[in-house]
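A short worksheet on the structure shown next.
Sequential numbering from 1 along the given sequence is applied to the chain's residues. Computed from a predicted structure; not experimentally measured.
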Amino acid sequence: MAEAKTGDRVQVHYTGRLDDESQFDSSVGGEPLEFTIGEGELIPGFEEAVTGMSPGDSAGTRIEAAEAYGERRDDLLFAVEREALPAELEPEVGQQLRMQTSDGHELIVTVSELEEAHVTLDGNHPLAGEALNFEIELLRIL
C-alpha cells in the first residue's frame with residue numbers, strides 16, 4: 001500500500017488536545033484537512049507524523065511547543081491607550097483583534113487585560129507555550 005511522502009497531497013482527519021486533555025481543534029465530523037507534505041502549510045511535527053502513513057492508518061503524535069507555535073514571548077505583550085482604539089470597539093478579555101503594524105503586516109492579537117487608560121494586547125499565538133497532542137487518521141493520498 002502507498003505511504004505518504006514529501007510532495008504528496010493528502011487528506012486527514014485529526015483531533016488536537018493539550019496536555020490537560022482539553023480539545024483545541026478537530027476536523028472529525030467536518031471537512032478533512034488537505035495539505036501537501038513538505039510545503040510548510042502546517043507545523044512541521046504534524047507533517048512529519050503523516051509521513052510514512054498509509055490510507056486508513058491512525059497515529060498519535062506529541063509536538064513540543066518549540067516545534068508547534070513556539071514558547072510564549074513577553075515581548076509580544078504591549079499596552080495600547082484606549083483612545084487609540086476605534087471608538088465603537090468595546091474590548092473584552094479574550095477577544096481577538098486584527099491590527100496592522102507600521103510596516104503594513106497584519107497581526108492578530110488577543111485582549112489580555114483591561115485597565116481604565118489602556119488595553120493590554122497579546123501578540124502570541126493562542127497555543128504558544130503549549131505542547132500539542134494529535135490523533136491523526138490518513139484518509140487518502142490524492
>> Please check: side-chain N/O of S58 versus main-chain N/O of E137, any donor-acceptor pairing under 3.5 Å?
In response: no
> Under 6.0 Å from the CD atom of E83, do we count more than 12 heavy atoms belonging to anything else shown?
Replying inline: no
> Do the side chain of S26 and the main chain of V28 share a donor and acceptor less than 3.5 angstrom apart?
Replying inline: yes
>> Testing V111, D122, V109, T110 one by one against Q96 for a side-chain contact (heavy atoms from CB on, under 4.5 Å), which residue passes?
In response: T110
> Mind checking what makes salt bridge (charged side-chain N to carboxylate O under 4.0 Å, His left out) contact with E39, not counting sequence neighbours?
Replying inline: none
>> Checking the side chain of E41 only, and the main-chain atoms of T36 only, is there a donor and an acceptor separated by less than 3.5 Å?
In response: yes
> To the nearest 0.5 Å, what is the distance between CG (N124) and CG (L77)?
Replying inline: 6.0 Å
>> Side-chain heavy atoms under 4.5 Å apart, restricted to Ile/Leu/Val/Met/Phe/Trp/Tyr: what other residues fall into the cluster of L76, or is it alone?
In response: none
> If you look at every heavy atom in A79 and H118, which pair is closest and at what distance?
Replying inline: CB-CD2, 3.3 Å
>> With clusters defined by side-chain heavy atoms of hydrophobic residues (ILVMFWY) lying less than 4.5 Å apart, directly or transitively, does V119 cluster with L107?
In response: yes
>> Looking at every heavy atom in both E47 and G40, which two are closest together, and how far apart are they?
In response: OE2-N, 3.4 Å
> Can you name the nearest heavy-atom pair linking A65 to G129, along with the distance?
Replying inline: CB-C, 3.7 Å
>> Could you report the tightest heavy-atom contact between S54 and A2, atom names first, then the distance?
In response: OG-O, 3.0 Å
>> So S112 and V93, do their side chains get closer than 4.5 Å, heavy atoms only?
In response: no
> Do the side chains of L85 and V80 get nearer than 4.5 Å, heavy atoms only?
Replying inline: yes
> Is any side-chain heavy atom of R17 closer than 4.5 Å to a side-chain heavy atom of S22?
Replying inline: no
> Among pairs that include at least one residue of residues 73-82, which meet side chain to side chain donor-acceptor pair (under 3.5 Å), considering only residues two or more places apart or in two chains?
Replying inline: R73-D75
>> Test side chain to side chain contact (heavy atoms under 4.5 Å, CB included) on M99 and L121; report intermediate values, then the result.
In response: CA-CA 10 Å; M99 292 183 59; L121 302 176; 3.6 Å; yes
> How would you list all residue pairs meeting salt bridge (Lys or Arg N to Asp or Glu O under 4.0 Å) that involve residues 54-65, not counting sequence neighbours?
Replying inline: D19-R62, R62-E64
>> Which residues end up grouped with Y69 if you chain together Ile, Leu, Val, Met, Phe, Trp and Tyr wherever their side-chain heavy atoms are less than 4.5 Å apart?
In response: V10, V12, Y14, L18, F24, L33, F35, I37, L42, I43, F46, V50, M53, I63, L127, L132, F134, I136, L138, I141
> Do you know which two heavy atoms are closest between T6 and G38, and how far apart they sit?
Replying inline: CG2-CA, 4.2 Å
>> Quick check: do T120 and L114 have side-chain heavy atoms less than 4.5 Å from each other?
In response: no
> What's the verdict on side chain to side chain contact (heavy atoms under 4.5 Å, CB included) for H105 and Q100, showing C-alpha distance, side-chain angles and the deciding distance?
Replying inline: CA-CA 6 Å; H105 289 90; Q100 191 166 11; over 6 Å; no
> Got a sec, which residues hit salt bridge (charged side-chain N to carboxylate O under 4.0 Å, His left out) with E67, two or more places apart in sequence or on another chain?
Replying inline: none
>> If only side-chain N and O atoms count, and only distance matters, is there a donor-acceptor pair under 3.5 Å linking Q11 with E34?
In response: yes
> Is there a donor-acceptor pair under 3.5 Å between the side chain of H13 and the backbone N or O of S27?
Replying inline: yes
